[in-house]
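Excluded from the calculations below are hydrogen atoms, water molecules and symmetry mates; all remaining heavy atoms, backbone and side chain alike, are included. Counting starts at 1 for both ligands and their atoms, in listed order.
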Amino acid sequence: MSMATVAEQLVDLLVQAGVRRIYGVVGDSLNPVTDAVRRSSEIEWVQVRHEEAAAFAAGAEAQITGRLTACAGSCGPGNLHLINGLFDAHRSMAPVVAVAAHIPSEDIGTAYFQETHPDRLFVECSHYSEMISNPEQMPQVAQIAIQTAIGRSGVSVISLPGDVAGMEAPRKRTEMALVSRPPTVRPGEAELDRLVEIVDEAERVTLFCGSGAAEAHDEVMAFADRVQAPVGHALRGKEWIQYDNPFDVGMSGLLGYGAAYEAMHECDLLILLGTDFPYRPFLPDDVKIVQVDVRPENLGRRSRLDLGVSGDVGETLRCLTPRVSRKTDRRFLDRMLRKHADALEKVVAAYTTDVERHKPIHPEYVASVLDDETADDAVFTVDTGMCNVWAARYITPNGRRRVIGSFTHGSMANAMPQAIGAQLPDRERQVVAMAGDGGFSMLMGDFLTIIQYGLPVKVVLFNNSSLSMVDLEMLVAGLPPHGTEYPDVDYAAIARAAGAHGVRVDDPKAVRSGLREVLDHDGPALLDVVTDPNALSVPPRITGQQLTGFALATSKMVLQGGVGRMIQLARSNLRNIPRP
Ligand SMILES: Cc1ncc(C[n+]2csc(CCOP(=O)(O)OP(=O)(O)O)c2C)c(N)n1
Ligand SMILES: [Mg+2]
């Protein structure tokens with residue numbers, strides 16, 4: 001039996017690490033890798049149209065399945081195209097190994113045809129970026145790349161010159177015990193002791209959760225119950241924390257709603273749980289703040305801390321809850337729950353426009369119908385832009401649904417390619433891409449990938465013929481909108497011409513039936529909804545000059561929109577308040 005090549009060993013290790021598919025576009029320098037994939041029955045090559053979509057898809061698959069995923073690009077421009085999707089995956093803490101094929105090793109450093117330096121280029125969007133220039137580096141470099149991606153939750157990049165990829169690797173054995181999950185991190189005893197003291201001293205505790213609270217729903221609820229704490233969340237914490245939450249006070253941040261802001265400012269102890277929430281103006285500076293994060297480098301980088309705790313949220317709370325004294329005074333919690341319900345009631349009252357008849361179609365109406373009609377375990381991928389606002393306010397999480405977007409990196413064009421990665425591992429699950437027309441058209445070529453693989457992805461396109469989020473930003477900044485309009489495009493016709501099912505809707509009465517038609521279609525489908533580009537208006541009393549920044553401006557503006565089913569949740573939580 002001949003010895004394995006570097007590429008074969010690499011593919012073999014990826015398979016051992018649980019990688020089921022590699023997203024990418026082929027190229028000469030990548031041939032040994034794609035050929036090794038072709039010959040393996042355990043891993044599939046997913047042929048996308050743009051490498052950026054490959055990285056977005058790999059990142060999404062990792063976020064949905066929790067497994068390591070992979071993408072690849074050929075030398076120079078091929079792998080360069082991966083970069084934006086890799087930034088997104090890395091910043092979303094999605095474990096992804098990217099294989100960046102490289103020019104022939106003997107030509108590196110000579111400004112050769114297509115020459116870039118992928119090992120340098122990808123440093124900023126990875127935990128590990130190394131080049132294999134000698135077959136002796138195998139299988140260790142692949143092993144380190146895999147374990148780093150999984151163990152530290154992010155991207156690893158292996159740069160691999162085409163000639164080296166095809167060389168025989170001297171060491172035959174590649175079976176090895178690989179790390180399969182990130183570690184459970186328990187905080188140090190000293191921090192835990194101090195945390196217990198701080199919690200016991202406090203009278204009014206508020207918890208604020210981010211995506212680090214994923215899989216810690218029960219622990220957060222048990223702790224909130226023990227210390228009678230309102231629980232707010234950041235956008236990335238919403239899908240994990242808002243459901244089945246009798247302590248819910250809503251979301252803070254640019255798209256925020258409810259009483260999270262008040263609860264964070266009126267407490268005397270704020271505990272940040274697994275959140276790298278970026279907006280300083282929303283964080284208080286005159287209450288005690290404790291931050292718990294699995295990444296010590298995140299501690300204190302957004303606000304002054306009284307205590308930083310390096311540990312994962314679930315484990316920290318499992319250690320903490322039994323050790324803190326039970327608080328019996330619910331007054332702060334109840335006041336915040338009432339404020340939350342009131343804040344939502346006001347929004348609902350303000351949102352009086354008769355949306356079912358409003359033309360052009362109000363995007364919030366589309367989002368609320370979408371929330372009604374989609375499955376209880378649907379995956380939503382959400383484009384950066386106004387779709388973020390609609391998803392944050394109308395898509396109701398329940399612990400089984402997933403909502404992913406480019407929530408940390410904030411890139412456009414993520415939703416449709418992410419839907420590819422969300423759908424491939426499970427074709428039975430409903431996957432809905434909430435796309436903007438700007439975002440969709442940016443990587444539109446990969447709609448063809450959806451069709452090519454017969455993926456039953458549903459694209460719901462909020463087609464407002466504009467880059468409307470930026471329109472709004474310009475307005476807030478007191479600038480006349482410029483460069484934000486597009487001519488009307490019939491995306492449903494494009495979808496049909498490409499071989500998918502396409503439905504265009506411009507009458508609000510047809511939204512529900514159009515959506516049903518698309519959701520019920522057994523295959524790729526796109527609903528092109530012609531929506532109002534001016535869905536959110538700036539309240540007349542607010543001018544650009546009066547605002548301290550876009551952050552605060554937006555928090556005020558979005559309050560003019562609706563909040564969907566959240567009002568029912570808030571009302572039902574009020575029922576938990578004991579009657580005197
Ligand atoms: C790759 C990229 N380019 C530009 C931006 C700046 N940007 C943020 S949202 C947005 C508009 C998005 O337009 P569209 O997808 O049509 O959504 P809409 O806001 O109109 O609903 C732009 C240009 C970005 N975030 N990412
Ligand atoms: Mg748009």
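- Between Phe447 and Phe440, a ring centre-to-centre spacing shorter than 6.0 Å is recorded.
- Under the side-chain contact (heavy atoms from CB on, under 4.5 Å) criterion, Arg512 pairs with Val369, Asp372, Glu373, not counting sequence neighbours.
- Aromatic rings from His90 and His409 are positioned such that their centres are separated by 6.0 Å or more.
- Nearest heavy-atom pair across Ala70 and Val96 is CA-CG1, 4.5 Å.
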When you check ligand 1 against the protein, what N or O pairs turn up below 3.5 Å? List the atom names and distances, or just say none.
| unit_1 | atom_1 | unit_2 | atom_2 | d |
| --- | --- | --- | --- | --- |
| ligand 1 | 15 (O) | Gly438 | N | 3.3 |
| ligand 1 | 15 (O) | Gly439 | N | 2.8 |
| ligand 1 | 16 (O) | Asp437 | N | 3.4 |
| ligand 1 | 16 (O) | Asp437 | OD1 | 2.7 |
| ligand 1 | 16 (O) | Gly438 | N | 2.7 |
| ligand 1 | 16 (O) | Ser466 | O | 3.0 |
| ligand 1 | 19 (O) | Met386 | N | 3.0 |
| ligand 1 | 19 (O) | Met469 | N | 3.0 |
| ligand 1 | 20 (O) | Asn464 | OD1 | 3.2 |
| ligand 1 | 20 (O) | Asn464 | ND2 | 3.0 |
| ligand 1 | 20 (O) | Ser466 | O | 2.8 |
| ligand 1 | 20 (O) | Ser468 | N | 2.8 |
| ligand 1 | 21 (O) | Met386 | N | 3.4 |
| ligand 1 | 25 (N) | Gly410 | O | 2.9 |
| ligand 1 | 26 (N) | Met412 | N | 3.1 |

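- Ring geometry for Phe282 against Tyr279 counts as perpendicular: the plane angle is over 60°, on a 0 to 90° scale with 30° as the lower cut.
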- Go through the steps for Asp248 and Lys238 under the test salt bridge (charged side-chain N to carboxylate O under 4.0 Å, His left out), then give the verdict. CA-CA 10 Å; Asp248 179 39; Lys238 180 173 167 116; over 6 Å; no

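- A salt bridge does not link Asp522 to Lys458: none of the charged side-chain nitrogens sits closer than 4.0 Å to a carboxylate oxygen.
- For the Mg ion (ligand 2), the count of nearby protein N, O or S atoms, meaning those under 2.8 Å away, is 3.
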- Task: Take Glu61 and Arg21 through the salt bridge (charged side-chain N to carboxylate O under 4.0 Å, His left out) test and state the conclusion after the steps.
- Result: CA-CA 10 Å; Glu61 184 187 329; Arg21 46 193 72 79; 3.0 Å; yes

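- Screening residues 273-282 for salt bridge (charged side-chain N to carboxylate O under 4.0 Å, His left out), with sequence neighbours left out, gives Asp276-Arg301, Asp276-Arg302.
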